[in-house]
There are 2 protein chains.
Amino acid sequence: MGFVLNETAGQTISEQTKKRVLDEARRLGYRPHTAARALASGRSRIVLAVLPDWPLDFSLRRHLEEASLVLDEAGYSFITYTAHPTGQARPLWETLAPDVVLSVTGRFTSEQIASLRAAGIPAIVPNPDDLGAEEYPEEGPLLQMTHLESLGHRRVAFAESADSRIADLVATRRARAEGAAKVLQLAPPLTLSVSLDPGSAESALDEMLRRGITAVAAYNDDVAVALVGAALRRRLDVPQDLSVVGHDDAPVAAILEPQLSTVRVDTAGLGRYIAALALSAAEGAAAPSMPPETRAELVARASTGPAPKR
Amino acid sequence: MGFVLNETAGQTISEQTKKRVLDEARRLGYRPHTAARALASGRSRIVLAVLPDWPLDFSLRRHLEEASLVLDEAGYSFITYTAHPTGQARPLWETLAPDVVLSVTGRFTSEQIASLRAAGIPAIVPNPDDLGAEEYPEEGPLLQMTHLESLGHRRVAFAESADSRIADLVATRRARAEGAAKVLQLAPPLTLSVSLDPGSAESALDEMLRRGITAVAAYNDDVAVALVGAALRRRLDVPQDLSVVGHDDAPVAAILEPQLSTVRVDTAGLGRYIAALALSAAEGAAAPSMPPETRAELVARASTGPAPKR
DNA sequence: CTGAAAGCGCTTACAG
DNA sequence: CTGAAAGCGCTTACAG
């Protein structure tokens, strides 16, 4: 019965018996009992995706949900989980015993890794024992800088988010922006921090103007919106007085006045890649490498323009 | 051993034995096996919260995560799940066998209820058998309309989102807006639909101007931002020529120029309420009623002002 | 108060 | 090819 219902490979069962089992199962409305299966087989067939504790780009969320279709097809449940650093709660991997735990950001803290190991999780992605694991390239800042440079800007700034939850990612993008400036032979970008408090964007703006900055690359669209808002409150013209380029292509970017130039990330590709990573780990196969199409792309709109003549 | 480790009530066990069990468990690094427990007890100790297929207010998400702390304390795993209507995937409740499935929006489709019943879910919240279940009051539109009326506006519009995923909620808010207009003795609000395409907001704007509308209540902040952007592109002054009030108090609302008047929802209170609902259902207790503090509140900023004199 | 044991619903060798 | 059975790690009556 088990062999028929699970279509177990390498079994010899007559067509007739097979049909009899299937018919009876249907007649009785048979539904497998997940817990019993997990107990007997030692595998929960659960993949747990750990999301970061900050507002994940909504389109990535949607594409992760699409990814869950792929895993469902393969018989796995794809569960997402937000790790809250303040949380006293036991992480979900302790109680669910997933076969795979995967970090969507591509990194775990050392505390998380210790906890995952203590819980006996069979597969951790990225594998902490494999230091050469591929990281997301974060090409956005290079695209931003190249765009600004091509418009003639020479003195540019990089506006960070002050949100401490994303300090890691902010630092990565800032480093990429600095690297890009060097390659493009621009002055090292002035780094400024912007919080959601409007006064914060205004003081960042004032600092930029004092330093003769003509264009700014923002960590994300929220920061970019804050800077555009501050500039408008100062009666400046965007992009004539200051060019602003965001990152993420959030819905607000196409809506704002002026419409925001930004970087669009291929979240569909990323979602598929994450599904492939999860599946390979679940089956114990080697991790696929990131497809080249998973690329960021610059979307030029109205918030960036030529550098002012001097 | 089981009685000691589970602190089972109504058992008589000597302190000495208790200590011996606890010490040994610690020494061996004992960890309960979730699947075995679920199989033997018939309860999975999982609460599954079903989220809507649209961008949930981030602050509500955070508060739901806080809610999971409460449930964790009580020994439950709180798992969130986004139901995608297009999904071919089996819903998570079929494979996880949760003790409780709870809809964060307060409603299930009839297909979902059928599926939940077929899967034998012991507790469904809101209970489909109890038609009197309390609904979220959705007072935002009343607050918006009252605010606009108090500023002297008499001809107002309600701007919907064109996103079909939220058609239900949009319809509810529109009905509330119409009800509020009647109470306030305003003309029935002109209803307009706005999509994320900027041209859409512009034609909605033109229609409003043709009809002599002086103020608009938006379904949410995204729609409000689109309308403000369109107005600025038309060289109109907000709020002098048109007052715009949003809904949700999204981060962008405080950042935009002009800063957006909007409705703030007590997501922390909602999160706590949902946790209480889940817990009461898990324990088979009666559902608590919604606390009166779970109120929406109007945040008046710069995008609304007095109606133009005529 | 304590220990021995049946049973939850599966998976999977094993005997025929 | 098919059937009978051990065992996964718990919970929970039951006997002592």
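Each chain gets a letter, A, B and so on, in the order its sequence line appears, and its residues count up from 1. Atom set for the values below is all heavy atoms of this structure, side chains included, hydrogens, waters and symmetry mates excluded.
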Check salt bridge (Lys or Arg N to Asp or Glu O under 4.0 Å) between A:D163 and all other residues, then give those that pass, not counting sequence neighbours. A:R165
Return the set of residues passing salt bridge (Lys or Arg N to Asp or Glu O under 4.0 Å) with B:E66 (not counting sequence neighbours), or none when no residue passes. none
List in chain and number order the residues that pass side chain to side chain contact (heavy atoms under 4.5 Å, CB included) with [X], two or more places apart in sequence or in another chain; answer none if no residue qualifies.
X	value
B:A36	A:L39, B:H33
B:N220	B:D222, B:V223, B:D248
A:A67	A:A275
A:T105	A:P52, A:W54, A:S103, A:R107

According to the Watson-Crick and G-U wobble definition with distances under 3.5 Å, which dot-bracket string, read 5' to 3', encodes DNA chain D, using [ ] for crossing pairs and | for pairs with another strand? |||.||||||||.|||
Considering all heavy atoms, the nearest A:P128-A:I113 contact: CB-CD1, 3.7 Å
For the student: nearest non-hydrogen atoms of B:D221 and B:D249, plus distance: OD2-N, 2.9 Å
Contacts to DNA chain D from residues 30-37 of chain B, heavy-atom cutoff under 4.0 Å, which residues? B:Y30, B:R31, B:P32, B:H33, B:A36, B:R37
Residues from residues 39-48 of chain A sitting under 4.0 Å of DNA chain D, heavy atoms only? A:L39, A:A40
Let me have the donor-acceptor pairs involving side chains of residues 115-127 of chain B, under 3.5 Å, with sequence neighbours excluded, atom names and distances please.
| from | atom 1 | to | atom 2 | distance (Å) |
| --- | --- | --- | --- | --- |
| B:S115 | OG | B:W93 | NE1 | 2.8 |
| B:R117 | NH2 | B:D129 | OD1 | 2.7 |
| B:N127 | OD1 | B:D129 | N | 2.8 |

Has B:E94 got a side-chain atom pairing as donor or acceptor with B:P91's backbone, closer than 3.5 angstrom? no
Look only at the side chain of B:T172 and the backbone of B:D168, and say whether a donor-acceptor pair between them is shorter than 3.5 Å. yes
What does the list of N/O pairs under 3.5 Å between the protein and nucleotides 1-5 of chain D look like, with a distance for each?
| from | atom 1 | to | atom 2 | distance (Å) |
| --- | --- | --- | --- | --- |
| D:dT2 | OP1 | A:S14 | OG | 3.0 |
| D:dT2 | OP1 | A:T17 | OG1 | 2.4 |
| D:dT2 | OP2 | A:S14 | N | 3.1 |
| D:dT2 | OP2 | A:S14 | OG | 3.4 |
| D:dT2 | OP2 | A:T17 | OG1 | 3.1 |

Please list every donor-acceptor pair under 3.5 Å in which a side-chain atom of residues 279-290 of chain A meets a protein atom from a residue at least two apart or in another chain.
| from | atom 1 | to | atom 2 | distance (Å) |
| --- | --- | --- | --- | --- |
| A:S280 | OG | A:A276 | O | 3.3 |
| A:S280 | OG | A:L277 | O | 2.9 |
| A:E283 | OE1 | A:Y76 | OH | 2.9 |

